[in-house]
Amino acid sequence: MRLFDTYTRSLFELPPPPGPIRMYFCGPTVYQRIHIGNARPFVLSMWLKRWLEQSGYDVRLAENITDINDKIYLAAPGRSAELAAEASRWYVEDTDLLGLGRPDHEPKATETVPEIVDLIARLVDRGLAYPAGGDVYFRVVRFPEYGRLSGREGDHEALHNPSEEAERDELKEDPRDFALWKAHKEGEDTVWESPWGPGRPGWHIECSAMAEKFLGPVFEIHGGGNDLIFPHHENELAQSRGAGSEFARMWMHNGMLQLTGEKMSKSLGNIVPLRDAIQEWGREAILLFFMNSYWRKPIEFSDEVLEQASAQAETFRNYFVGLEHEPQEIERDALARVLDDDFNTAEALRLFHDWRARGRTDSLRWGLEVFGLGDLAEAVSAPAALVALAEKRKEARASRDFDEADRLRSEIEDQGWEVRDVADGFELVPK
RNA sequence: GGCGCCGUGGCCGAGAGGUUAGGCAGAGGCCUGCAAAGCCUCGUACACCAGUUCGAAUCUGGUCGGCGCCUCCA
């Protein structure tokens, strides 16, 4: 299996099964409900995990929840811890609606502070970090590789890491340096002890610490949105390699979701909460929407494409209505051919339609299940009362009383079900 | 400005130097008491300009356009 790697900008060949494949994906910073754009890396990581497991790999996926962050302090002055805890629950609740299962580990920054402090201490010992005014900064000049991941190596201007407050910049030896630890400030309602005084971790360091804690000093895949390449992932890489770990062997960065041509982001305010989208379109349509795109490309979220995805969900669902068939061999290799080539899910979807048209029921059921779409193959049985109405209608039709038959059909429709006449009777399907 | 991703038919999208992708929507038809579902037929696309080639949507160069990052962001 090969995947496009941001670091080398070329395809990375995964070791053969059983691996292991250790994956770290950047989860959200929790201070509000996640939007559908935040769901993309979650969906990608879970699909990849499911497919790799299906392929005989030993997979371990860690996906963090960042619950210490300036945004959180800002969003809930004086009660940031409560907000972060609540928003963490929202995140799990909302992503559970996708029905893809959970990562193996979902660590929180607040539960990883001792490891974070240890990691910073290691960097200070090695001369790659220095305390200043209660803060601790990473010394970029000591890490020559800095900027390689984001393709701006050597470009001092582009590698600038400004502090939140301009006056803290004076504490830094170099504008590119970034905070590993931040001294406690007035108004911040959470604080931890450290060798450098009370404070809290900076952004970036929690991911380095959590990845090492749950996956070890080296792992295969690091993922996240492509807006994290700089500075977040660049800094993670510097911290972890600086501390002596090999860190990620490859990086996968998913493209952004766009709403009317613009990136969907909290700061622009053009967001669609995941929960609302699932409620409006159904989880299957959301998943098919993601599946019909290549993971690295930006995609436009619009009513039109979601309607198209819903229609495809219907097409699959209709295929399984009242279906009976002999067991068949599963065409595993056909799916492997497209997914093992940079995880081409759009091509996989095309294959599913091909299986449907060719009556490869078992292959289709299996393939849909890999993508968490097994529901589409499930028969939904109607309540007995409706079946009775449909039986009455069948009798009416047999005696050619079509007025009565049509009346019964609309009565059934009023209750949200549709009657379809088939060769030897009828099928009831939810509308 | 720097770095990067990308431009395929009404829409979404694979593919890739010569042979129909697929889906959705639309038109016509078959089937049906009527429907629904399903099936059949129909669009002959690849931003633009040069170049390489017997042949390019696919390779090379350039132009234009969109998007992302460079500041919090998946």
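Convention: sequence-line order gives letters A, B, ...; per-chain numbering from 1.
Looking at Glu157(A), its side chain has no donor and acceptor atom pair within 3.5 Å of the base of rG2(B). Residue side chain Asn226(A) does not reach the base of rG4(B) through any donor-acceptor N/O pair under 3.5 Å, judged by distance alone. Residue side chain Arg420(A) does not reach the base of rA35(B) through any donor-acceptor N/O pair under 3.5 Å, judged by distance alone. Looking at Asn69(A), its side chain has no donor and acceptor atom pair within 3.5 Å of the base of rC72(B).
Note that Arg79(A) lies outside the cation-pi zone of Tyr31(A), set by a 6.0 Å cut-off to the ring centre and a 45° limit from the axis.
Relative ring orientation between His222(A) and His233(A) is described as perpendicular, the plane-to-plane angle rising above 60° on a 0-90° scale split at 30° and 60°. Ring pair Phe143(A)/Tyr146(A) is perpendicular by interplanar angle, where above 60° counts as perpendicular and below 30° as parallel.
Residue Gly151(A) is classed as a sugar-phosphate contact, given heavy-atom separations below 4.0 Å to backbone atoms only. Contacts of Ser150(A) with the nucleic acid, taken as non-hydrogen atoms under 4.0 Å apart, involve only primed sugar atoms and P, OP1 or OP2. Counting non-hydrogen atoms under 4.0 angstrom, Val419(A) reaches a base of the nucleic acid. Backbone-only contact: Gly27(A) has heavy atoms under 4.0 Å from sugar-phosphate atoms and none from a base. Contact annotation for Leu257(A): base contact, defined as any heavy-atom pair under 4.0 Å involving a base atom. Tyr294(A) comes within 4.0 angstrom of sugar-phosphate atoms only, judged by non-hydrogen atoms across all strands, and of no base. Arg176(A) comes within 4.0 angstrom of no nucleic acid atom, judged by non-hydrogen atoms across all strands.
Candidate nucleotides rG22(B), rA35(B), rG2(B) were compared by shortest atom distance to the side chain of Asp155(A), and rG2(B) ranks first. Listed candidates were rG33(B), rG13(B), rG38(B). Nearest to the side chain of Asn292(A) is rG13(B). Among the nucleotides rC34(B), rC6(B), rG68(B), the one closest to the side chain of Arg296(A) is rC6(B). Among the nucleotides rC72(B), rC34(B), rU71(B), the one closest to any side-chain atom of His160(A) is rU71(B). Which of rG22(B), rA37(B), rC11(B) sits closest to the side chain of Val305(A) comes down to rC11(B). The side chain of Arg152(A) approaches rC70(B) more closely than any other nucleotide in the set rA21(B), rC12(B), rC70(B). Listed nucleotides rG4(B), rG33(B), rC72(B) differ in distance to Pro231(A); the shortest reach to its side chain belongs to rC72(B). Comparing rA74(B), rC24(B), rC11(B) by their nearest atom to the side chain of Gln312(A) picks out rC24(B). Picking from rC34(B), rG7(B), rC12(B) the nucleotide with the shortest atom distance to the side chain of Lys297(A) gives rG7(B). The listed nucleotides are rG10(B), rC67(B), rC69(B); the one nearest the side chain of Phe230(A) is rC69(B).
Between the CD1 atom of Ile68(A) and the C1' atom of rC72(B) there is a distance of 17 Å, given to the nearest Å. Rounded to an integer number of Å, the gap from Glu404(A) CD to rA35(B) P is 20 Å. Summarising the geometry, the separation between CZ on Arg9(A) and P on rC6(B) is reported as 11 Å, rounded to the nearest angstrom.
Distance noted for atom P between rG15(B) and rG4(B): 23 Å (whole Å). Taking the C1' atom of each, rC59(B) and rA27(B) are spaced 39 Å apart, rounded to whole Å. Between rG33(B) and rG26(B), the two C1' atoms lie 28 Å apart (nearest whole Å). A distance of about 11 Å separates the P atoms of rG9(B) and rG13(B), rounded to the whole Å. A distance of about 36 Å separates the P atoms of rC24(B) and rG65(B), rounded to the whole Å. Taking atom C1' in both rA57(B) and rA47(B), one finds a spacing of 11 Å when rounded to whole Å. Nucleotides rU53(B) and rC40(B), compared at atom C1', are 40 Å apart to the nearest Å. Separation of the C1' atoms belonging to rU8(B) and rA56(B) is 14 Å when rounded to the nearest angstrom.
Asp341(A) and Arg2(A) are joined by a salt bridge, as a carboxylate oxygen and a charged side-chain nitrogen come within less than 4.0 angstrom of each other.
Shown are Thr66(A), Asn69(A), Thr110(A), Thr112(A); of these, the side-chain hydrogen bond (donor to acceptor under 3.5 Å, both in side chains) with Glu206(A) is made only by Thr66(A).
With ring centers used as reference points, Phe343(A) lies 6.0 Å or more from Trp295(A). Aromatic ring centres of His353(A) and Phe316(A): separated by under 6.0 Å. Here the two rings, on Phe219(A) and Phe214(A), have centers that are 6.0 Å apart or farther.
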Problem set entry | Dot-bracket line, read 5' to 3' along RNA chain B, where crossing pairs take [ ] and | marks a partner on another strand, Watson-Crick or G-U under 3.5 Å | (((((((..(((.....[...))).(((((.......)))))....(((((..]....))))))))))))....

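Taking side-chain N and O atoms only, Asn318(A) has no distance below 4.0 Å to OP1 or OP2 of rA37(B). Side-chain N/O atoms of Asn344(A) include none lying less than 4.0 angstrom from OP1 or OP2 on rG13(B). OP1 and OP2 of rG23(B) both lie 4.0 Å or more from every side-chain N or O belonging to Thr315(A).
Contacts between residues 352-370 of chain A and RNA chain B, counted as heavy-atom distances below 4.0 Å, involve His353(A), Arg356(A).
There is a side-chain donor-acceptor pair under 3.5 Å between Glu212(A) and Ser245(A).
Evaluation of the ring pair (Phe, Tyr, Trp, His ring centres under 6.0 Å) rule for Tyr319(A) yields no partner, not counting sequence neighbours.
Nearest heavy atom pair, residue Ala81(A) against residue Thr190(A), reads CB-CG2, 3.9 Å.
Environment of CZ in Arg337(A): sparse, with no more than 12 heavy atoms of neighbouring residues, nucleotides or ligands closer than 6.0 Å.
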